[in-house]
Amino acid sequence: MTARVLVIGRGGREHAIVWKLARSAHIGEILCAPGNPGIDELAECVQINVTDLDGIVRLATDRRVDLVVVGPEDPLAAGLAGILDAAGIPVFGHTAAAARIESSKSWSKVLMASTGIPTARSIVATDPASGRRAIAEIGGGGPVVIKADGLAAGKGVVVANDRAEAEAALASFMSEGAPGKAGTTVVIEERLTGPEVSIMLLTDGQDVRILAPSCDHKRAFDGDLGPNTGGMGVYTPTARIDQATMARIEETIVLPAVREMARRGSPLRGVLYPGLILTSDGPRVIEFNCRFGDPETQVVLPTTPEDLGEWSLAVAHGSLRHTPQPSSSGAAVGIALASRGYPGPYRSGFPIHGLETAASDPDVIVFHAGTARLDRGEIVTAGGRVLTVVGLGPDVVSARAKAYQAAGEISFEGCWMRRDIAATESQKPGQHEG
Ligand code: AMP
Ligand code: GLY
C-alpha cells in the first residue's frame with residue numbers, strides 16, 4: 001500500500017521534494033498546496049496558501065492524506081504541525097516549540113551555549129544601550145554580525161565591517177522596527193571567517209539521517225559580491241568536508257542539538273539544517289534552520305539514491321532507525337535564473353522560453369521557483385528567483401557544464417544568473433593555492 005502525501009509550499013525546494021517523492025516506492029498520490037506550474041506536472045496542486053493553517057488541515061482531513069510534508073519555516077513557526085497532530089494526521093515537520101531552533105536566534109544561541117555546540121561568540125541585547133555595549137565588546141570596533149531575533153526572510157542579518165555600520169544596523173533593527181517585528185531582540189555575534197557549508201539531516205527526534213553537504217552562493221554577483229539573496233546557485237558534494245570533519249559535525253553539532261531538543265521536551269521531527277562556517281578551529285554553527293534549504297534541496301535530493309518517501313513516513317511515525325543510511329551518488333550543480341532587479345524590486349509576467357529543450361537532457365532537471373501558468377498555458381515569470389536549473393554528472397565539473405548549458409537554453413526578459421557557481425570547487429586539486 002502506498003501513502004497519499006500533501007506537500008506544503010510553492011518554491012524550487014518544494015518542486016524538488018515533490019520530484020523526489022514522485023520516485024518513491026512508498027508514495028502513491030501527491031497533493032501540493034499551493035504548488036507551482038512545475039509541481040503541477042507531478043502532483044495535484046490545490047490553491048491554499050502556506051499560512052492558511054485551517055485550510056491546510058481541512059484539505060488533509062478531507063482528502064484523508066497519510067502524511068503532510070511541510071516545506072517552508074513560516075507554517076512550522078505558526079504551529080501547523082501541532083494542529084495536524086491534534087487532528088491525528090502524520091506530519092513531517094516540527095512543532096512551533098521545536099521550530100524555535102530557527103524562529104528565535106536568541107533561543108537557538110542559548111541552546112548551543114548550554115550544550116557546548118561550537119558557534120560564534122554572541123550577546124543578546126534587548127535595548128539599544130546594551131546593544132551598543134555588545135557591539136563594542138564583541139567587535140572591538142572591527143567586524144561584527146547583527147542578527148534580528150525572529151524570522152525575517154533573509155533580511156535579518158547584517159555582517160558589519162565596523163562599529164558605525166554595526167550601530168546603524170542595530171538602530172534599524174531596534175528602533176525603526178525593521179525587518180517587521182523580528183528585530184526587538186537582537187543577537188550581536190562574532191564574525192567568523194572561512195568557507196560556508198550547508199548540512200541537512202532528517203530526524204524523528206532520536207535518530208538522524210545526514211545528507212551530503214552542499215554549498216550555497218548567497219551573494220547576488222560573481223565573486224560573492226553584492227547583496228544577500230535567497231541563493232543564486234549551489235552544488236554538491238564538496239571537497240571542503242572530508243569524512244573526519246563530517247564525523248566531527250555529527251558528534252559536536254548534530255547529535256547534541258537533536259538530543260538537547262528532545263531533553264527539553266521539544267523533539268525535532270523533520271529537517272535540521274545547520275549553516276556552518278569552516279573556521280581554522282573547525283566547523284561552527286552560524287544558524288540552525290528547521291527545514292530543507294533552498295536551493296540546497298534541488299541538488300541534494302537528486303543525488304541521494306535512497307527513498308525520501310520511506311524516510312518521511314518514518315520521521316512522522318518515529319521509526320527512522322529502521323530506514324537505510326543515506327549515500328550519495330554523483331554530483332549536481334544548480335543555477336538560479338533570476339529576474340532583472342532581484343533581490344531588489346523586479347517585474348514579473350514575462351514569457352519563459354526553452355524550458356522543454358533544457359529539460360530534454362536526462363542529466364538536467366529544471367525546478368520551478370517563481371513561475372506562473374497563464375490561462376492559455378503559457379509559463380511566465382512570477383518571482384525574483386524564477387528557476388533552479390540543475391545539471392547532474394559524475395563530478396562537479398561535468399555537472400556544472402550540464403547546468404550552464406541548460407541554463408543557456410532558457411530565456412525570458414531580464415533573465416540573469418551568476419557565472420561562477422561551483423567554479424572554485426571545479427578547480428583541480430592544487431589550483432586552490434597561489
Ligand atoms: P541568513 O541567515 O541565511 O540570512 O544568512 C546570513 C549570512 O550572513 C550567512 O549566509 C553568512 O554568510 C553570514 N553570517 C551569518 N552569521 C555570521 C557570522 N557569525 N560570521 C560571518 N558571517 C555570518
Ligand atoms: N539556502 C539558504 C536557506 O535555505 O536558508
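Numbering of ligands and ligand atoms starts at 1, following listing order. Side chains included, hydrogens not; waters and symmetry mates left out as well; all remaining heavy atoms used. Residues take their numbers from the sequence shown, with the count starting at 1.
- There is a side-chain donor-acceptor pair under 3.5 Å between E296 and S198.
- Between F221 and W416, the ring-plane angle classifies as tilted under the 30° and 60° cut-offs.
- Contact of the R219 side chain with the N228 side chain is registered, since non-hydrogen atoms from C-beta on lie closer than 4.5 Å.
- Near K218, with a cut-off below 4.0 Å to any heavy atom, the atoms of ligand 2 are 2 (C).
- E102 is not listed as a side-chain neighbour of Y273, based on a closest heavy-atom distance of 4.5 Å or more.
- Annotation for ligand 1: atoms under 4.0 Å from non-hydrogen atoms of R191 are 20 (N), 21 (C).
- When the options E287, K147, E102 are ranked by their closest heavy atom to atom 16 (N) of ligand 1, first place goes to K147.
- Between E190 and ligand 1, a contact under 3.5 Å exists for at least one N or O pair.
- Below 3.5 Å of separation, one finds no N or O of E287 facing any N or O of ligand 2.
- Atoms of ligand 1 lying under 4.0 Å from any heavy atom of V145, numbered from 1 in the order shown and given with element: 16 (N), 17 (C), 18 (C), 19 (N), 20 (N).
- Put simply, CZ on R191 and CG on N161 are 6.0 Å apart, with the number rounded to the nearest 0.5 Å.
- Shown in contact with G293 at under 4.0 Å from a heavy atom are these atoms of ligand 2, numbered in order with element: 4 (O).
- Within the set L192, N228, V159, the minimum heavy-atom distance to atom 23 (C) of ligand 1 is found for V159.
- Using a 4.0 Å cutoff on heavy atoms, R13 does not count as a contact of ligand 2.
- With no hydrogens or angles considered, no side-chain donor-acceptor pair links S114 and R263 at under 3.5 Å.
- Atoms CG and OG1, from L255 and T203 in turn, are 9.0 Å apart once rounded to the nearest 0.5 Å.
- Residue contacts with ligand 2, taken as heavy atom pairs separated by less than 4.0 Å, involve R291 solely via side-chain atoms from C-beta onward.
- Residue K218 holds the heavy atom nearest to atom 5 (O) of ligand 1 of all those in R121, K218, R219.
- Of the N or O atoms in E196, one or more lie within a sub-3.5 Å distance of an N or O in ligand 1.
- With a 4.0 Å cut-off on non-hydrogen atoms, T193 does not touch ligand 1 at all.
- Close contacts of ligand 2 with D216, meaning ligand atoms under 4.0 Å from a residue heavy atom, involve 1 (N), 2 (C).
- For E189, every heavy-atom contact with ligand 1 shorter than 4.0 Å involves the side chain, none the backbone.
- Close N/O approach between D294 and ligand 2 is found [any backbone or side-chain N/O within under 3.5 Å].
- Side chains of S24 and D307: a donor-acceptor N/O pair is present below 3.5 angstrom, by distance only.
- At a 4.0 Å heavy-atom cut-off, ligand 2 touches Y273 through the side chain alone.
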